[in-house]
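When a ligand or atom number is given, it counts from 1 through the structure's own listing order.
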Amino acid sequence: MTQFNLILLGPPGAGKGTQASRIVEEYGVPHISTGDMLRAAVKNQTEMGIEAKKFMDAGALVPDSVVIGIVKERLQEPDTAKGFLLDGFPRTIPQAEALDEALAALDRGVTKVIALLVEEDELILRLSGRRICRACQAPFHVEFNKPAKEGVCDVCGGELYQRDDDNETTVRNRLEVYRTQTEPLISYYDAQGLVSRVSGTGNTPDGVYTQIREALGPAGE
Ligand code: ADP
Ligand code: ADP
Ligand code: ZN
């Protein structure tokens, strides 16, 4: 059985969440977004959520030990047997190393890394106009990806909101963190021959997805 052990890598605002829903639908793998999981912990005011919120509000990374723990636990779930789509993880070299070790212990490995690339000016426009569904986390944009009805999710009818960290100051920090801590992962996975680079600009979300599909190949059985 072909496994789809996938990583969606790219700067904040590149369109990872937007593309993730398309990938998981076609390839039948679960969407594992550490950002969504952390926001759920913040909302439920768990001990981890309260701690994580400080880092998230500052546009900094939550400590490696915390996110590595969350992902390792999630990868134990039976729905990951055929594969998974990691979105927003790994974000540092230690996270990537921990993932490689955890998968090796399960006799598995990452099979493909999609690097979704968008330049910085565009990222700022995307993040400052982003709106998220409170219920299903689907991302929209006030100009580039408008919902049919303002403030309402097309997918589930939930209420749209603006994330606390999608303000200009925090966005600049997040982009800096991406450049210094996360971008080096492209070389890390290039060394394993796993990276497909996809341009996330100058194209509709469906147009971008067509290229991702080509990089991933047929979904199989
Ligand atoms: P990420 O998960 O990488 O942070 P999102 O999927 O949330 O990114 O997308 C960031 C913002 O950009 C959202 O407001 C989304 O609607 C918008 N967006 C996504 N893809 C495109 C695209 N191809 N063109 C224009 N805007 C896009
Ligand atoms: P985006 O793709 O828009 O940057 P995410 O939803 O992936 O946003 O992440 C939001 C915030 O959650 C990050 O700025 C960071 O504080 C925290 N976070 C998410 N994933 C990780 C991770 N793998 N390591 C550390 N912090 C993370
Ligand atoms: Zn929704």
Side-chain angles (χ1 to χ4, degrees), residues 7-23 31-42 48-49 51-71 74 85-96 98-99 114-118 122-147 151-166 170-171 173-178 181-182 185 198-212:
I7 296 174
L8 196 48
L9 188 69
K16 299 184 297 297
T18 302
Q19 297 302 325
S21 58
R22 292 168 169 77
I23 298 170
H31 179 202
I32 304 181
S33 158
T34 43
D36 287 350
M37 290 159 100
L38 289 167
R39 278 185 291 281
V42 171
M48 185 187 74
E51 183 59 23
K53 189 171 189 332
K54 296 182 217 157
F55 296 97
M56 296 167 80
D57 284 346
L61 294 182
V62 173
D64 284 339
S65 58
V66 175
V67 276
I68 290 168
I70 302 180
V71 171
R74 183 65 184 82
L85 176 65
L86 285 168
D87 163 7
F89 180 96
R91 256 177 157 95
T92 64
I93 298 280
Q95 289 181 20
L99 176 66
I114 301 289
L116 196 56
L117 304 172
V118 171
E122 172 74 12
L123 294 171
I124 292 172
L125 293 177
R126 286 190 183 185
L127 292 168
S128 50
R130 175 161 67 180
R131 298 292 182 274
I132 304 281
C133 174
R134 255 189 223 292
C136 77
Q137 327 304 324
F140 295 88
H141 193 281
V142 292
E143 259 179 77
F144 308 148
N145 187 20
K146 287 188 187 174
V152 180
C153 175
D154 285 348
V155 183
C156 79
E159 180 203 357
L160 302 186
Y161 79 107
Q162 181 166 31
R163 273 169 47 178
D164 288 346
D165 59 347
D166 279 348
T170 311
V171 162
N173 283 342
R174 286 158 62 204
L175 293 174
E176 172 70 19
V177 166
Y178 172 78
Q181 311 246 74
T182 308
L185 293 179
V198 171
S199 167
T201 34
N203 217 331
T204 60
D206 283 336
V208 173
Y209 182 61
T210 303
Q211 296 178 60
I212 292 180

Trainee: Could you check which of Asp64, Leu127, Thr34, Leu38 puts a non-hydrogen atom nearest to atom 18 (N) of ligand 2?
Mentor: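 Looking at heavy atoms only, Leu38 sits closest to atom 18 (N) of ligand 2.
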Trainee: With a cut-off of 2.8 Å, how many protein N, O or S atoms neighbour the Zn ion (ligand 3)?
Mentor: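 For the Zn ion (ligand 3), the figure is 4.
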Trainee: Under the side chain to side chain contact (heavy atoms under 4.5 Å, CB included) test against Ile7, which residue among Asp87, Leu99, Leu85 passes?
Mentor: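 Answer after filtering Asp87, Leu99, Leu85: Leu99.
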Trainee: Does Arg126 use its side chain to pair, donor to acceptor, with the backbone of Ala14 at less than 3.5 Å?
Mentor: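 Yes.
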Trainee: Indicate, as side chain, backbone, both or neither, the part of Thr18 found under 4.0 angstrom from ligand 1 when only non-hydrogen atoms are considered.
Mentor: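 Near ligand 1, Thr18 shows its backbone as well as its side chain.
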Trainee: Does the residue Pro11 have a heavy-atom contact with ligand 1, meaning some pair of atoms that are separated by less than 4.0 Å?
Mentor: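 Yes, Pro11 has heavy atoms under 4.0 Å from ligand 1.
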Trainee: Val171 versus Leu123: any side-chain heavy-atom pair under 4.5 Å?
Mentor: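 A side-chain contact is absent here, since even the closest heavy-atom pair is not under 4.5 Å.
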Trainee: May I ask you to list the atoms of ligand 1 that are less than 4.0 angstrom from any heavy atom of Asn203?
Mentor: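 Those atoms are 22 (C), 23 (N), 24 (N).
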Trainee: Can you name the atoms of ligand 2, numbered from 1 with element, that are less than 4.0 Å from a heavy atom of Arg130?
Mentor: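 Near Arg130, the atoms of ligand 2 are 3 (O).
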Trainee: Would you say Gln95's side chain and Arg91's backbone share a donor-acceptor pair under 3.5 angstrom?
Mentor: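 Yes, because the side chain of Gln95 sits within donor-acceptor range (under 3.5 Å) of the backbone of Arg91.
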Trainee: Can you sort out which atoms of ligand 1 are near His141, meaning under 4.0 Å from one of its heavy atoms?
Mentor: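 Under 4.0 Å from His141, ligand 1 has these atoms: 14 (O), 16 (O).
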Trainee: Quick one, Arg74 and Met37 - any side-chain contact, counting heavy atoms below 4.5 Å?
Mentor: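 Side chain of Arg74 against side chain of Met37, heavy atoms only: contact under 4.5 Å found.
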Trainee: Find out whether His31 and Leu86 are in side-chain contact, i.e. whether some heavy atom of one side chain is under 4.5 Å from a heavy atom of the other.
Mentor: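 No, every pair of side-chain atoms sits at 4.5 Å or beyond.
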Trainee: If you take the nearest heavy atom of each of Val62, Leu86, Asp36, which one is closest to atom 26 (N) of ligand 2?
Mentor: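 It is Val62 whose heavy atom sits nearest to atom 26 (N) of ligand 2.
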Trainee: Purely on distance, is any nitrogen or oxygen of Gly129 under 3.5 Å from one on ligand 1?
Mentor: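 No, since none of the N or O atoms of Gly129 sits under 3.5 Å from an N or O of ligand 1.
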Trainee: Report the nearest protein non-hydrogen atom to atom 8 (O) of ligand 1: residue, atom name, distance rounded to 0.1 Å.
Mentor: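 Of the protein heavy atoms, Gly15 N, 3.1 Å lies nearest.
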Trainee: If we only count heavy atoms from C-beta on, is the Ile114 to Leu9 side-chain gap below 4.5 Å?
Mentor: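 The answer is no; the side chains never approach within 4.5 Å.
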Trainee: Could you check atom 6 (O) of ligand 2 against the protein and tell me its nearest heavy-atom contact, residue, atom and distance included?
Mentor: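 In this structure, atom 6 (O) of ligand 2 has Arg39 NH1, 2.8 Å as its nearest protein heavy atom.
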Trainee: Determine whether Ile70 and Phe89 make a side-chain contact, defined as any pair of heavy atoms from C-beta on separated by less than 4.5 Å.
Mentor: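 Ile70 vs Phe89: side chains apart.
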Trainee: Could you check whether any heavy atom of Pro205 sits closer than 4.0 Å to an atom of ligand 1, since that is the contact criterion I want to use?
Mentor: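 Judged by the 4.0 Å heavy-atom criterion, Pro205 does count as contacting ligand 1.
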Trainee: Do you know which two heavy atoms are closest between Cys156 and Ala135, and how far apart they sit?
Mentor: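 Residues Cys156 and Ala135, closest heavy atoms: SG-CB, 3.8 Å.
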Trainee: Where the side chain of Arg174 meets the backbone of Asp165, is there a donor-acceptor pair that is under 3.5 Å apart?
Mentor: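 Looks like yes, one N/O pair under 3.5 Å.
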Trainee: What protein heavy atom is closest to atom 13 (C) of ligand 1, reported as residue, atom name and distance in Å?
Mentor: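 Checking every protein heavy atom, the shortest distance to atom 13 (C) of ligand 1 gives Phe140 O, 3.6 Å.
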Trainee: What are the atoms of ligand 1, with element, lying closer than 4.0 Å to any heavy atom of Pro139?
Mentor: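 Going through ligand 1 atom by atom, the ones under 4.0 Å from Pro139 are 6 (O), 7 (O).
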Trainee: Indicate yes or no: at least one non-hydrogen side-chain atom of Glu159 is less than 4.5 angstrom from one of Cys133.
Mentor: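 With C-beta onward as the side chain, the pair stays apart.
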Trainee: Before giving the answer on salt bridge (Lys or Arg N to Asp or Glu O under 4.0 Å), spell out for Glu143 and Lys146 the whole-Å C-alpha distance, their side-chain angles and the decisive distance to 0.1 Å.
Mentor: CA-CA 6 Å; Glu143 259 179 77; Lys146 287 188 187 174; over 6 Å; no
Trainee: Kindly determine whether Arg131 and Asp166 satisfy salt bridge (Lys or Arg N to Asp or Glu O under 4.0 Å), including the steps that lead there.
Mentor: CA-CA 9 Å; Arg131 298 292 182 274; Asp166 279 348; over 6 Å; no
Trainee: What's the verdict on side-chain contact (heavy atoms from CB on, under 4.5 Å) for Leu127 and Gln162, showing C-alpha distance, side-chain angles and the deciding distance?
Mentor: CA-CA 9 Å; Leu127 292 168; Gln162 181 166 31; over 6 Å; no
Trainee: Would the distance check show the side chain of Lys54 and the main-chain N or O of Val62 forming a donor-acceptor pair, the cut-off being under 3.5 Å?
Mentor: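 Flag not set: sc Lys54 to bb Val62 has no pair under 3.5 Å.
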Trainee: Which of the atoms in ligand 2, numbered in the order shown and given with their element, are less than 4.0 Å from a heavy-atom of Gln95?
Mentor: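 Those of ligand 2 that fall under 4.0 Å from Gln95 are 22 (C), 23 (N), 24 (N), 25 (C).
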Trainee: Is there a donor in the side chain of Asp64 and an acceptor in the side chain of Thr92, or the other way round, less than 3.5 Å apart?
Mentor: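 Side chains of Asp64 and Thr92: pair found under 3.5 Å.
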Trainee: Nearest protein heavy atom to atom 16 (O) of ligand 2, by residue and atom, and its distance?
Mentor: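 Checked against all protein heavy atoms, atom 16 (O) of ligand 2 sits closest to Ala60 O, 2.6 Å.
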Trainee: What atoms in ligand 1 come closer than 4.0 Å to a heavy atom of Gly17?
Mentor: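 The atoms of ligand 1 under 4.0 Å from a heavy atom of Gly17 are 1 (P), 2 (O), 6 (O).
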Trainee: Which residue supplies the protein heavy atom nearest to atom 10 (C) of ligand 2, what is that atom called, and how far is it?
Mentor: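 Scanning the protein heavy atoms, the shortest distance from atom 10 (C) of ligand 2 goes to Arg163 NH2, 3.4 Å.
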Trainee: Check whether any heavy atom of Gly10 sits under 4.0 Å from an atom of ligand 1.
Mentor: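 Checking ligand 1 against Gly10, which is what was asked, there is no heavy-atom contact under 4.0 Å.
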Trainee: If you have a sec, work out which protein heavy atom is nearest atom 22 (C) of ligand 1 and how many Å separate them, to one decimal?
Mentor: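 Nearest protein contact, heavy atoms only, for atom 22 (C) of ligand 1 is Arg126 NH2, 3.4 Å.
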Trainee: Show the atoms of ligand 1 that are less than 4.0 angstrom away from any heavy atom in Asn145.
Mentor: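 Those atoms are 16 (O).
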Trainee: Going by the atom numbers of ligand 2, which of them fall below 4.0 Å from some non-hydrogen atom of Phe89?
Mentor: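 The atoms of ligand 2 under 4.0 Å from a heavy atom of Phe89 are 23 (N).
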Trainee: By number and element, which atoms of ligand 1 are closer than 4.0 Å to a non-hydrogen atom of Thr204?
Mentor: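 Those qualifying, in numeric order: 23 (N).
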Trainee: Quick one: which ligand 2 atoms are inside 4.0 Å of a heavy atom on Lys16?
Mentor: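 Reading through ligand 2 atom by atom, the close ones are 2 (O).
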Trainee: Does any non-hydrogen side-chain atom of Leu160 lie less than 4.5 Å from one of Ile132?
Mentor: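 Side chain of Ile132 against side chain of Leu160, heavy atoms only: no contact under 4.5 Å found.
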Trainee: May I ask you to check whether Gly88 has an N/O atom sitting below 3.5 Å from an N/O atom of ligand 2?
Mentor: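 Yes, since at least one N or O of Gly88 sits under 3.5 Å from an N or O of ligand 2.
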Trainee: Side-chain contact test, heavy atoms from C-beta onward, threshold under 4.5 Å: evaluate it for Arg163 versus Arg130 and give yes or no.
Mentor: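 In contact.
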Trainee: Which is closest to atom 4 (O) of ligand 2 by heavy-atom distance: Met56, Met37, Arg91, Gln181?
Mentor: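 Going through Met56, Met37, Arg91, Gln181 one by one, Arg91 has the nearest heavy atom to atom 4 (O) of ligand 2.
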